[in-house]
Every structure is written in C-alpha cells, then in structure tokens.
Amino acid sequence: AQSVTQPDIHITVSEGASLELRCNYSYGATPYLFWYVQSPGQGLQLLLKYFSGDTLVQGIKGFEAEFKRSQSSFNLRKPSVHWSDAAEYFCAVGRASKIIFGSGTRLSIRP
Amino acid sequence: NAGVTQTPKFRVLKTGQSMTLLCAQDMNHEYMYWYRQDPGMGLRLIHYSVGEGTTAKGEVPDGYNVSRLKKQNFLLGLESAAPSQTSVYFCASSSGLTGNYGYTFGSGTRLTVV
C-alpha cells in the first residue's frame, strides 16, 4: 500500500537552530516527492520537489531536502530557522493524479 | 494575482442541508483537485478532474459530487450534509497530471455541519 509517514507530529526548535523534518514513504515505483508548508489559516505552498537527478534539492525560504532511495526517505532541512518558519509542513509523494500527503509536522519556534 | 480562489471561506450548515463550494483558477491549468483536511490526517483527495467535462473519484468521494463545466471552475457539492463532513476543504490545480510544478492551493473553506 502507498503511504507517507511523518513520524513527528510536533517539533519545537530554538530560533537560529538547525531543523530536520522526517518523511518516509512506501510506494511501488520511485515517486515524485514534495514538501509543502501551511501557515495558519492559509493554503499549502510548495517548498521544493524532487523528480530525478541530484538527490539534494534546494527550495524556497532556505529549505533543502535529500532523497535517500535506500531508506525511502525525503527529509527536509534548514540550517538556521527563523520565527517566521513556524507553520505546518507536509511531505507528499506520488505520480500521475495520485499525490499522497503525510499527516503533517507542526513546527514551533522558541525565541 | 494569479492563483486559486475558493468561495466561501467559512460556512455553517445544518445536517441535511446542501451546498456548493466553488473553486476558480486563472492559470489555465488542466488539472484540478478537491481535498479535505482533518486534524492528524493530512489531506485526503475527494475528487479530481483532468480536464473540462471530466471528473474522477479520489480516496474519500462518498457524500460529495463534483462538476467541471468550465476549465477554470471546479465545483464541489454536498447534497445532504452530515457532521462527518465538518472539515477544511482545499482546492488545488496543476499544469500536469504528474504535478510537475507542484500544486497551487486555494486558501481553503472551513465548513461546520451541526
């Protein structure tokens, strides 16, 4: 069965600290991989995507993600978080019209 | 600004009432989607459309109907609302079936069924 797992429901990090959000997936073929961010009361915004090639992809707002085929993972990272990064983050995987979203990780920033 | 517009933003319905949620996009996207978002469950696909006049069922289609009479509009209907349909509904569109450019999302409709 196809699935996306974000094991951390809620993470709190200090402003200026590094961040890593985990995403693991189960999919029959190599899927397209995405990270989205949702600010309170807003829709989802695409942070970055991976289709093929270099397994380290850069996105907007200083985020990056690394695809590890052997671990079926696509973790999101940021070297130094800002208070404005507080939001909910969704990993998504899929192909064609079937994009599956994870249940999300809520990020809080400690001043 | 180009994007996806959802109306209304908020709605309270009584059980058994009907309503239609409207999604409009001005990016000439072929593909449009309706998702519902519930706490701890991420987004689940209700219905989608790969072009004008076509619709298909997603993961959780029961209790909903959709129509895509015009390329830019995708309507989601609830014929007889139930409390289990209390949720936040998001519309999205994309230029490719694979979502090569990712999805563009609307800002959501918060629906409460009492």
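These numbers were taken from a predicted model, which means no experiment stands behind them.
In this structure, the side chains of B:L43 and A:L44 come closer than 4.5 Å at one or more pairs of heavy atoms. A:Q45 has its side chain out of reach of B:Y103: every pair of non-hydrogen atoms, C-beta onward, lies at least 4.5 Å apart.
Following chains of ILVMFWY side-chain contacts shorter than 4.5 Å, one can reach A:V37 starting from A:L21, so the two form part of one hydrophobic cluster. Under the 4.5 Å side-chain contact rule for hydrophobic residues, B:I46 and B:L75 do not share a cluster. B:M19 and B:Y64 fall within the same hydrophobic cluster, defined by Ile, Leu, Val, Met, Phe, Trp and Tyr side-chain heavy atoms under 4.5 Å apart, directly or through other members. A continuous path of Ile, Leu, Val, Met, Phe, Trp and Tyr side chains, each step under 4.5 Å between heavy atoms, connects A:I60 with A:F74, placing both in one hydrophobic cluster. The hydrophobic clustering, which links ILVMFWY residues whose side-chain heavy atoms are closer than 4.5 Å, places B:V88 and B:L22 apart.
Within 6.0 Å of the CZ atom in B:R110, the count of heavy atoms belonging to other residues, nucleotides or ligands does not exceed 12. Taking a 6.0 Å sphere around CD of A:E15, one finds it holds more than 12 heavy atoms contributed by other residues, nucleotides or ligands.
Using a 4.5 Å cut-off between heavy atoms, A:I9 makes no contact with chain B at all. Interface residue A:Q38: only side-chain heavy atoms are found under 4.5 Å from chain B.
The aromatic rings of A:Y36 and B:F105 sit perpendicular, their planes meeting at an angle over 60°, well past the 30° parallel limit.
When all heavy atoms are compared, the tightest approach of A:F90 to B:Q37 is CZ-NE2, 3.1 Å.
Using a 4.5 Å cut-off between non-hydrogen atoms, the part of residues 100-111 of chain A that approaches chain B consists of A:F101, A:G102, A:S103.
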